[in-house]
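Take a look at the structure set out below.
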Amino acid sequence: MSDSDDSKYNVGKDSGAFDSVVGSLFFGEINEDAIFPFPHFSDEQVEMAKEMCSAVSKYGEDAIDGEKFDEEAQIPPEVIKGLGELGLCGLAVPEELGGMELDYSLYSRVFAEVASMDGSTATMLGAHQSIGYRALLNEGTEEQKAKWLPALASGESLASFCLTEPGSGSDAYSIKTKATLNDDGSYTVTGQKLWITNAGTADFYTVFCKTDHEKDGKQVEKISCFAIEKSMEGVSFGEKENKMGIRASETRAVYFDKVKVPAENILGELGKGFKIAMNVLNSGRLSLGAGCVGGMKTILGMATEHAKGRKQFGAPIADFGLIQEKLAFMASRCYATESIVYMTTGNMIKGMDDYYLETAICKIYGSESLWSVVDTGLQIAAGNGYMREYPYERIMRDSRINLIFEGTNEILRCFLALSGIKGPSEGLKDLGKVSDVSSALKDPIKSLGVLSDFAKNRISKMIASKALTKAHPELEEAANNFSSLMASFAIQVENTLIKHGKKIIGNEYPQGRLSNMAVELYVILCVISRTTAILEKEDVPQDKKDYVLGLTHLVIKESRQSFVSNLKAMTNNYDKLTKKVSDAVCQYDGYGLDIIDY
């Protein structure tokens with residue numbers, strides 16, 4: 001990568017900040033300083049993590065009964081109080097305001113410990129602090145923080161994040177809840193929010209509303225963020241939702257009937273609520289990915305114990321090849337997800353400015369990996385897995401929501417692709433003006449220069465110069481393959497922009513493939529970095545190094561296969577046929593066939 005001032009992605013700026021690693025992949029570039037060495041925990045972090053995880057684990061053994069919570073569809077108040085006393089309700093809150101003030105890595109590791117024990121408890125805690133009062137933490141004034149954070153950090157009060165409405169899910173900008181300015185400077189909030197976690201038990205609500213603004217002499221609506229308290233007149237709730245999974249976490253509708261909110265309850269800048277909400281969700285997805293790691297470790301431990309203890313045909317089923325495939329797959333997905341989560345947290349600590357692409361990948365890959373691992377673990381458990389007396393089916397029900405909330409994986413794939421190609425599209429603007437013969441002939445001198453620069457960049461990508469020089473020698477082949485894949489990806493990004501132009505915004509087929517390729521590249525990159533660090537450590541036993549190297553090869557093999565499949569489908573696919581069949585399904589309101597008739 002070039003060290004020139006106009007290079008798109010740099011580590012080591014004067015400020016110490018640097019840009020998205022995933023974003024650089026869309027340019028076909030990578031800066032190894034952002035990847036190597038892998039950001040393993042420092043000695044201080046290790047000590048803190050072990051101390052906290054041990055305390056959480058011990059408390060969980062004594063107080064967290066996932067089966068009972070699920071059956072009763074409630075987390076007992078005394079359990080929430082105990083979590084608060086452990087500091088788990090204020091993991092990121094400054095110490096002077098009663099919190100633990102953990103960095104992103106420690107926060108994620110502790111949250112993973114909670115998630116390893118019970119999905120409902122993790123959901124309640126995540127909704128409380130990962131998103132519930134995160135806007136207050138990010139945007140609040142010192143007075144606002146001092147007013148609310150101590151009670152929220154202690155667990156005395158819980159928080160809710162109120163964005164989703166009956167008519168707005170993934171399309172957050174279409175919310176209808178309105179905050180109307182009053183003569184005394186206060187606001188009157190009217191509207192409703194749907195599927196709000198902690199709704200009835202919370203005292204503090206981060207609420208996103210439309211507000212009126214003047215622009216160019218016209219009145220326009222923008223989104224603003226307000227802190228609303230349960231005690232305010234006009235706040236009410238719907239019935240508790242009867243959910244498929246995470247049943248003990250409380251989910252309700254929240255209604256705001258002419259709720260008067262003082263101006264000092266505005267969080268951040270008026271009219272900037274959409275950006276505030278997106279920033280909250282971007283960081284919130286990180287804890288979701290970390291929680292998926294905790295869940296995978298639990299289910300893998302259960303499946304391994306069963307496979308070693310269950311005997312058929314005179315041998316443990318762990319000796320049978322088809323079971324071995326499953327155990328290896330589960331472990332490799334756990335290793336891969338853990339690697340991308342803590343590469344991301346480590347870089348956020350180091351100063352990565354824009355991390356929304358990375359956290360989106362952590363959520364997409366983590367949630368889908370957890371779902372696959374739970375399904376595989378249940379298959380190993382066979383009949384036992386299907387019985388409610390075992391935790392497999394509960395964990396499966398709890399895990400399914402991860403692919404839906406905090407942005408469905410479908411919308412996140414579109415978000416990842418469209419955000420990623422934004423940078424490269426800027427570099428193709430001039431090319432777009434001369435990319436057809438007629439316009440090129442009108443200004444041949446300018447066209448020659450633009451096309452020449454494009455050709456040089458194109459050729460440099462096609463040559464696929466060695467991008468990873470710091471990988472361990474055992475991973476040299478994998479590193480070289482990564483460079484080739486990254487080059488192919490960057491060329492496809494350009495091809496897609498040239499082919500579709502602005503129409504790419506409405507074309508989700510290539511968006512999905514580009515995002516899938518970006519996910520797999522980031523996975524490969526992170527495991528190469530982490531495994532390199534482990535192989536270079538002198539205090540790691542050789543058997544663990546061999547194990548890690550084996551996991552790495554499995555991860556890379558699977559990711560490479562997925563990448564190549566998506567790459568080929570960019571030019572050889574069934575998109576038109578898929579749309580035609582889907583349109584027919586909608587026309588027939590479903591399958592539309594019956595063996596009786598046809």
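Here E426 does not pair with K422 in a salt bridge; the nearest charged N to carboxylate O distance is not below 4.0 Å. Between R413 and E368 there is a salt bridge, with a side-chain nitrogen of the basic residue lying less than 4.0 Å from a carboxylate oxygen of the acidic one. Salt-bridge formation is not detected for the pair R109/D103: no Lys NZ or Arg NE/NH1/NH2 atom is positioned less than 4.0 Å from an Asp or Glu carboxylate oxygen.
Side-chain atoms of S287 never come within 3.5 Å of backbone atoms of S283 as a donor-acceptor pair (strictly under, hydrogens ignored). A distance-only check finds no donor-acceptor pair linking the side chain of T121 to the backbone of D118 [under 3.5 Å]. The backbone N or O of L91 sits less than 3.5 Å from a side-chain atom of Q129, completing a donor-acceptor pair. With hydrogens and angles disregarded, a donor-acceptor distance shorter than 3.5 Å links the side chain of K363 to the backbone of N402. Formation of a donor-acceptor pair under 3.5 Å by the S224 side chain with backbone atoms of G271 is found in this model.
Shown here for R252 and A199, the closest heavy-atom pair between the two residues is CB-CB, 3.8 Å. Between A135 and T206 the shortest heavy-atom distance is CB-CG2, 3.9 Å. Contact record, D203 with E156: OD2-O, 4.1 Å, taken as the closest heavy-atom pair. Across every non-hydrogen atom of A159 and G132, the tightest pair is CB-C, 3.7 Å. Between Q511 and I505 the shortest heavy-atom distance is NE2-O, 3.0 Å. The heavy-atom pair separating E165 from Q192 by the smallest distance is CG-O, 3.2 Å.
Side chain to side chain, T359 and R285 fail the donor-acceptor criterion of an N or O pair below 3.5 Å. Donor-acceptor pairing under 3.5 Å is lacking for the side chains of S249 and T123. When only modelled atom types and interatomic distance are considered, Y107 and T345 share no side-chain donor-acceptor pair under 3.5 Å.
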*asked:* The test is side chain to side chain contact (heavy atoms under 4.5 Å, CB included); show your working for C162 and Y205 and say whether it passes.
replied: CA-CA 7 Å; C162 300; Y205 303 88; 3.9 Å; yes
*Are I524 and I528 close enough, and set up right, to give a side chain to side chain contact (heavy atoms under 4.5 Å, CB included), and what steps lead you there?*
CA-CA 6 Å; I524 294 172; I528 287 177; 3.7 Å; yes
*Worked check of side chain to side chain contact (heavy atoms under 4.5 Å, CB included) between M343 and I35*: CA-CA 8 Å; M343 172 65 82; I35 302 301; 4.0 Å; yes
*Please assess Y133 against W148 for the test side chain to side chain contact (heavy atoms under 4.5 Å, CB included), listing each intermediate value before the final yes or no.*
CA-CA 9 Å; Y133 64 74; W148 288 303; over 6 Å; no
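For E71, the CD atom counts as loosely surrounded, since its 6.0 Å shell holds 12 or fewer non-hydrogen atoms of other residues, nucleotides or ligands.
Ring geometry for Y104 against Y355 counts as tilted: the plane angle lies between 30° and 60°, on a 0 to 90° scale.
The six-membered or imidazole ring of F226 lies near that of Y187, with a centre-to-centre distance under 6.0 Å. When ring centroids are compared, F274 and F208 stay outside the 6.0 Å threshold. Taking the ring centroids of Y342 and F38, they lie at or beyond the 6.0 Å cut-off.
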Show me the side-chain donor-acceptor pairs of residues 256-270 shorter than 3.5 Å, one per line, residues at least two apart or across chains.
from : atom 1 : to   : atom 2 : distance (Å)
K260 : NZ     : D184 : OD2    : 3.0
N265 : ND2    : A227 : O      : 2.7

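Going from atom NZ of K81 over to atom SG of C89 covers 12.5 Å, rounded to the nearest 0.5 Å. Atom CG of L158 and atom OG1 of T197 lie 11.5 Å apart (nearest 0.5 Å).
Here E139 pairs with nothing under the salt bridge (charged side-chain N to carboxylate O under 4.0 Å, His left out) rule; sequence neighbours left out.
Looking at K297 and L300, their side chains never come closer than 4.5 Å, going by heavy atoms from C-beta outward.
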